[in-house]
Amino acid sequence: MAHGPAKGIRRWLYTTNHKDIGSLYLWFSFAMFILGGAFAMIIRAELFQPGMQLVDPEFFNQMTTMHGLVMVFGAIMPAFVGLANWMIPMMIGAPDMALPRMNNLSFWLLPPAFLMLAATLFTEGGAPQAGWTFYAPLSTTYANPLTATIFIFAVHTMGASSIMGSINIIATILNMRAPGMSYMKMPLFVWTWLITAFLLVAVMPVLAGAVTMMLMDIHGGTSFFDAAGGGDPVLFQHVFWFFGHPEVYIIILPAFGVISQIIPTFSRKPLFGYSSMVYATASIALLSFIVWAHHMFTVGMPLAGELFFMYATMLIAVPTGVKVFNWIATMFKGSISFETPMLFSLAFLVLFTIGGFTGVMLSIAPADFQYHDSYFVVAHFHYVMVAGAVFSMSAAVYYWLPKWTGRMYSEPLAQVHFWTSFVGFNLTFFPQHFVGLAGMPRRYSDYALQFADYNMVSSCGAFLYGVSQILFLVIVILTVKGGKKTTKEKTWEGAEGLEWTVPSPAPYHTFSTPPTVK
Amino acid sequence: MFARAKQLSVLLLGSACLWGVPALAADSAGRSAENMPIGVTPVSQTVYDIHMLMFWICVVIGVLTFGALIFSLIAYRKSKGAVAANFHESTKVEIAWTVIPFIILIGMAWPATTALIEVYDSDEAELDIKVTGSQWKWSYDYIGEGVSFISNLSTPKDQIANLAAKGENYLQEVDEPLVVPVGKKIRFLVTASDVIHSWWVPDLAVKRDAIPGFTHESWALIEQPGTYRGFCAELCGKDHAFMPIVVEAVPEAEYNDWLAQKKKEAAEIRALTSKVFTLDELMTKGKEVYTKHCSTCHMENGEGVQGAFPALKGSAMATTAEGLAGHLDIVVNGNTSKGMPAWGTSLPDVELAAVITYERNAWGNGSGDDEPDEDDIVQPIDVYNFKKGE
């Protein structure tokens, strides 16, 4: 029954194979990562010194908006979906995803969505410029109607893709586990993705609702977000963040899963507190639905509302802390080695925890009046988005690349990639805590002189981080094209799990006969 | 092994201290380049204390957590022959590190709650100021005093374009600052006329979103005279970075003098409504008003920005007699959904008349040559009658 892939372009257009679709997702997300990164480089180049040097403020706003949209929806989310496609069937002993044709469609919706979004850059009104959070009415009645309409259509398309992808993941995990693979035996990566997929199915329609209301305000004569017509601009923020807060956990939970696979491997010791990790993940997911308005502490909510959202937000620290403590306990009395996936995971652990600390600080509503919409917030969420999600993605690629390709990456080059990323990242974002506390608002195309020194440091760090991602691409291409062959089933001495029982590179079809899990 | 871990944790703590140190070198309002200002109101001081408390709690937890991590990484290296143990769960430990953080959080929630109650207590204010954000300036209205004005960025365009050296208060200076008395509880009623803005003055620990159609309250009691600078904190379009806030806090007597002067000026301007001006007078004043309020969007040369802001040069509205009513209407009432403010409420009639006259005669509008056209003069009384006729 086993047959190979089709030849040429049709292999990729028509494929229903989870590994092919996983690769498509991963390459697509990397392309978007480079595009979103290019936008970030323009931002940092303009902010290198006070004064307007390279771009005008309108284009600057387009860059911050597009950077956020492309990174969140184009780079990070599809990257983890790609990882899910590759790894979930192999981890649970399934031959493929449960709904392979829908899998193909959910990927192929993405390129047109992002082509549309990128095309707005070339329209008369330019790209969207209301920020990735696109608050109304700046994004509705005050936006260029053509740009806003294309943007809304692109968001709908991405949302449809995400919903299909998540339904597929849920169906696969619930129905296609190998005999003996009970829920509490599933690898943590599978668990975190199961919970993430439920979050996605719950909140993507809310985003779709928000942009549909925008569409009606622009073209349908409604006033959902226009006070003059009886609407409320703050309603937009409530709807957006009801999607937006779970969205950040959608991004970070699979990262938790990746780290929970890698740390035990290189500590040569089983994950500490497996069941508490599962419960902690579920708690974070549930809490994510009742904390959204902590993004809106300054909109003028009643005191009772502020207190509720403050307390609920502070609670998130508890399950998140449990995760961090469990990872450290996994390493305690282990036998630790420091290959690149482990280095990225350790950097994740430390930097994500710093992002967690600033998160607790931000949850304190009275202090948030000073932090809100300043660079302190920018620093905070890049510590969780970049050092959290992107570092874990780098870790995952190095960890599973030998399994995907049957070839080993160059360890010295990979370590250069790690250290340049680590140093570049911290140079970029650590000083942003300072300028934010000192009073620099975010999304500023130009700034006062007291912020100049740290902005220059930040820009230098960003260029280093940017260049180091090109090195990442080179390393991956070198590995795929001519890396040292490795046919061992188990690339890493301490690795556990079904994916390490199949040959390297993983054959086009795996587990046509389900394995038995004891 | 423990000694090394200890050294490292001292190092970590030391670098964390760097965050605290600059506060020592801060100025009278407690400003530094690295940390939140202590500020000059009781609320700002409470907020600063909470911020530092949370910071130090995080530092202590960080030192303990990262200390344990660094210890494990050093002590259990495979390269040093570490052999892995095989334990992987302990309910007692899990309960401990669930309950202990929870207790710490309760300890944090207590001061945060009392501070928040203080922030929300805007009752019994002695002075009410309405703050209105619009693209891209703030306007202030001293409620009950009949004094209101617009506060624009005063940094020269050449400095922004790097054609001139940047001044000390680059992008933090305005033509007319908000003047307030010290020692009085001031309530700010914050709203907006177009998109959402946010009025933020770090030294007062006031940040309040300015939302069109809604008014929200915030307050400050400034204890120390001085100049306090702030920014718009919510993305509001192109010139989001160019609408700063300057608050001048002065002793009460000085404030009263200033207010009296302002009231006098307002009365004088109202008196001008009935005066008839020559074309030259209107053109001079009109150019001044245009440069200050209109040129950001419609540009100095009247050509606007294609696709965003319409050109006035050669437009039917500004060149034909039939266009005059529309011209008065758009300037007085605005078209807020397209970004044009309703100037009728924020500028005196004399300035409105001057700027309309200027727009009808500058850039070759009017008679078709560069000479101003006598038929296109709008007097303050015309504006007054237009407003009345509505």
Side-chain angles (χ1 to χ4, degrees), chain A residues 50-52 57-58 124-125 131 135 137-138 141-142 227-228 233-234 268-273 276 298-300 303 306-307 310-311 314 317-318 321-322 325 328 331-337 350 353 357 361 364-367 369-370 372-373 434 437-439 441 443-446 448-450, chain B residues 33-36 47 50-51 54 58 62 66 68-69 72-73 76-78 82-85 88-89 94 97-98 101-102 105 109 112-113 115-116 119-120 160-162 166 170-172 195-196 198 202 205 207-209 211-214 216 231 233-241 307 337 339:
Chain A
M52 299 305 302
E58 269 180 311
E124 193 191 19
Y135 281 5
L138 188 62
T141 36
Y142 286 83
V234 178
R268 293 163 181 79
K269 188 162 155 282
L271 183 69
F272 188 86
S276 80
T298 62
V299 297
L303 179 62
E306 300 259 324
L307 288 174
M310 175 170 81
Y311 298 148
M314 292 172 80
V318 175
V322 166
F325 299 141
I328 293 175
M331 286 181 266
F332 186 72
K333 293 197 187 244
S335 171
I336 305 169
S337 57
V350 173
T353 304
F357 286 144
M361 293 171 80
I364 306 295
F369 280 93
Q370 293 282 49
H372 178 75
D373 266 339
F434 297 151
L437 290 174
R443 295 164 166 167
Y444 261 31
S445 53
D446 196 3
L449 303 182
Q450 68 267 33
Chain B
E34 289 84 11
N35 204 353
M36 184 188 285
V47 166
I50 288 183
H51 159 67
M54 299 306 150
C58 289
F66 297 149
L69 170 67
S72 301
L73 293 182
Y76 307 115
R77 278 172 292 173
K78 181 168 185 273
V83 180
H88 55 80
E89 59 187 352
E94 299 288 351
W97 62 40
T98 306
F102 189 75
L105 287 176
T113 303
L116 195 63
V119 170
Y120 265 72
I160 296 169
N162 307 305
K166 293 179 175 42
Y170 178 70
L171 299 188
Q172 303 190 92
V195 300
I196 300 175
S198 187
K207 184 183 284 145
R208 191 49 94 185
D209 290 359
I211 298 164
F214 295 82
H216 292 292
F231 300 102
E234 182 62 62
L235 179 61
C236 56
K238 163 168 100 74
D239 285 348
H240 172 46
S337 69

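We name chains A, B, ... by the order of the sequence lines, and we start the count at 1 in each one.
For a residue to count as touching a neighbouring chain, one of its non-hydrogen atoms must lie under 4.5 Å from one of that chain's; by this rule B:Y120 touches chain A with the side chain only. Looking at A:Y311, only its side chain comes within 4.5 Å of chain B, counting heavy atoms on both sides. For chain B, the nearby parts of A:A365 are the backbone and the side chain; heavy atoms of each come within less than 4.5 Å. A:L271 touches chain B through its backbone: at least one of N, CA, C or O sits under 4.5 Å from a heavy atom, while the side chain does not.
We find the CD-CD distance between B:E34 and A:Q450 to be 11.5 Å, quoted to the nearest 0.5 Å. Between atom CG of residue B:L235 and atom CZ of residue A:R443 there is a gap of 5.5 Å, rounded to the nearest 0.5 Å. For the atom pair A:I364 CD1 and B:L105 CG, the distance stands at 8.0 Å (nearest 0.5 Å). Taking OH of A:Y135 as the start and CD1 of B:I211 as the end, the distance is 10.0 Å to the nearest 0.5 Å. Between the CG atom in A:L307 and the OG1 atom in B:T113 there is a gap of 5.5 Å [rounded to 0.5 Å]. Taken from CZ in A:F369 to OG in B:S198, the straight-line distance is 9.5 Å, to the nearest 0.5 Å.
Panel note: side chain B:H216, backbone A:V299; a donor-acceptor pair is recorded below 3.5 Å. Under a 3.5 Å cut-off, the side chain of B:K166 and the backbone N or O of A:L449 do not form any donor-acceptor pair. Judged by distance alone, the side chain of A:Q370 and the main-chain N or O of B:P202 form a donor-acceptor pair under 3.5 Å. Within the 3.5 Å criterion, the main-chain N or O of A:M52 finds a donor-acceptor partner in the side chain of B:N162.
Between B:A112 and A:P366, the shortest heavy-atom contact is O-CG, 3.4 Å. Residues B:D209 and A:T298 come closest through the heavy atom pair OD1-OG1, 2.8 Å. Heavy atoms only, all atoms of each residue included: B:M36 and A:A367 are closest at CE-O, 4.3 Å. Taking every heavy atom of both residues into account, B:Y76 and A:G334 meet most closely at CB-O, 3.3 Å. Smallest separation of non-hydrogen atoms from A:Y444 and B:H240: CE1-NE2, 3.2 Å. Between B:I196 and A:P137, the shortest heavy-atom distance links the atoms CG1-CD, 4.2 Å.
The shortest distance between side-chain heavy atoms of A:L437 and B:H51 falls below 4.5 Å. Within the 4.5 Å cutoff, side-chain heavy atoms of A:D446 are placed close to those of B:Y170.
Between chain A and the residues B:A161, B:A115, B:A85, B:P101, the largest count of heavy-atom pairs under 4.5 Å involves B:A85. Interface remark: of the candidates A:I328, A:L303, A:T353, A:L303 forms the most heavy-atom pairs closer than 4.5 Å to chain B. Of all the listed residues (B:I50, B:V119, B:T98), the one sharing the greatest number of non-hydrogen pairs under 4.5 Å with chain A is B:T98. When the candidates B:A68, B:G213, B:A82 are compared by the number of heavy-atom contacts under 4.5 Å with chain A, B:A82 comes out ahead. Most heavy-atom pairs under 4.5 Å with chain B, from the set A:G125, A:A228, A:A227, A:P270: that is A:P270.
More than 12 heavy-atom neighbours from other residues, nucleotides or ligands sit within 6.0 angstrom of CZ on B:F214.
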